[in-house]
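Working notes, structure below.
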Amino acid sequence: MHDEGMPSGGSADASSRGGDTMATRASLRREQLGMTQGELANRAGMSVAYLRQLEKFSGDFDPAAVMRLAAALEMSYEELIEGRRDAPPGQPGAAAHPTLMRLSERECWERLGTHGIGRLSLSADTGPVILPVNFVVDGHTIVYRTDPEGAAAAAAGGQLAFETDHIDEHLRNGWSVLVVGPAQHVTDPDTVRTLAERPGAEPWAGGTRNLWIRIVPSQISGRTIRTA
């Protein structure tokens, strides 16, 4: 643990000042990471008292201490001091003349075939959950593999929703496709062997994931945003 003196400068509490200051950025990021002041102080190699002053005041601080704080918060020094200079993904303004259009079923399948990562929505004991999965398109069905005891191990016959999308930040357009339907467990050895040989069928999460689940669509829909 390092023993800094009290930081100089600054005179207003962050809660009363509000706005995008170093104090509010540090405090917000700590809360996002789920850390207490004591845990963050330990990671940053400083006393809790010094950290409290960093979170309460804005002004001049020991650069080395601020660099350690930024690293502990998993932020760059510039982002902690100055804030983001660019908008986060998906937040630039809309294009001048955007048009929202529905995709036909054929267009939906064409787009699904170009992607390998999507989001699966299903019900769990604690409520609805959304999980990322890598998948393959097999005919007009979606197939993924998972751990039989894992969160994505949907029961046969259970209703699932699956979504994937593509966004072009530069052109400010994109598309999304939603598939809804019951889950089927794929157990035929020949089918499993054929699916396992498909490009992209290897689960990114690794481990033994020998439960294959097929989503047979009862509904499929998609939308695209285009610019004139």
Side-chain angles (χ1 to χ4, degrees), residues 32 87-92 94-95 98-228:
Q32 289 173 340
Q91 291 191 4
T99 302
L100 180 63
M101 301 176 62
R102 293 185 181 275
L103 297 173
S104 67
E105 183 173 339
R106 177 183 60 81
E107 291 172 323
C108 287
W109 285 113
E110 287 175 350
R111 284 161 174 77
L112 283 168
T114 67
H115 273 48
I117 297 294
R119 285 165 290 279
L120 178 72
S121 175
L122 69 164
S123 297
D125 293 339
T126 56
V129 296
I130 298 177
L131 304 167
V133 294
N134 57 303
F135 70 97
V136 295
V137 174
D138 185 45
H140 277 190
T141 67
I142 302 295
V143 181
Y144 69 95
R145 60 191 294 188
T146 188
D147 181 343
E149 303 299 324
Q159 285 292 118
L160 301 177
F162 174 85
E163 188 269 348
T164 190
D165 54 48
H166 172 73
I167 301 296
D168 188 316
E169 288 279 341
H170 178 67
L171 297 178
R172 300 178 191 177
N173 60 27
W175 56 264
S176 67
V177 173
L178 175 66
V179 175
V180 178
Q184 292 182 353
H185 288 189
V186 181
T187 57
D188 177 69
D190 291 337
T191 302
V192 168
R193 185 163 48 251
T194 300
L195 289 171
E197 294 172 352
R198 294 276 301 275
E202 186 70 22
W204 283 16
T208 303
R209 300 177 184 273
N210 53 16
L211 174 59
W212 292 81
I213 296 180
R214 185 187 303 276
I215 305 174
V216 182
S218 56
Q219 301 177 42
I220 181 168
S221 60
R223 293 188 176 188
T224 182
I225 298 176
R226 298 174 180 169
T227 55

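Note that these values count all heavy atoms, side chains included, but never hydrogens, waters or copies made by symmetry. Keep in mind the model is a prediction, meaning the values are calculated, not measured.
- Of all heavy-atom pairs spanning Asn210 and Pro148, the tightest one is OD1-CG, 3.3 Å.
- The minimum heavy-atom distance between Val137 and Leu112, with the atom names listed, is CG2-O, 3.8 Å.
- Interatomic distance, CG of Leu103 versus CG of Leu178, reported as 11.5 Å (0.5 Å rounding).
- When ring centroids are compared, Phe135 and Phe162 come within the 6.0 Å threshold.
- Under a 3.5 Å cut-off, the side chain of Arg214 and the backbone N or O of Gln184 do not form any donor-acceptor pair.
- At a threshold of 4.5 Å between non-hydrogen side-chain atoms, the residues Leu195 and Tyr144 do not count as touching.
- Note on Arg106 versus Glu110: salt bridge recorded, some NZ/NE/NH1/NH2 to OD/OE distance being below 4.0 Å.
- Proximity of Glu163 to Ser176: side-chain heavy atoms (C-beta onward) are separated by under 4.5 Å at one or more points.
- Remark: the backbone N or O of Gly174 is paired with a side-chain donor or acceptor of Thr224 at under 3.5 angstrom.
- A donor-acceptor pair is defined here as one N or O able to donate and one able to accept, closer than 3.5 Å; such a pair exists between the side chain of Ser218 and the backbone of Val180.
- Of all non-hydrogen atoms in Ile220 and Cys108, the two that sit nearest each other are CD1-CB, 3.6 Å.
- For the pair Asp138/Trp212, no side-chain contact is recorded, criterion being any heavy-atom separation below 4.5 Å from C-beta on.
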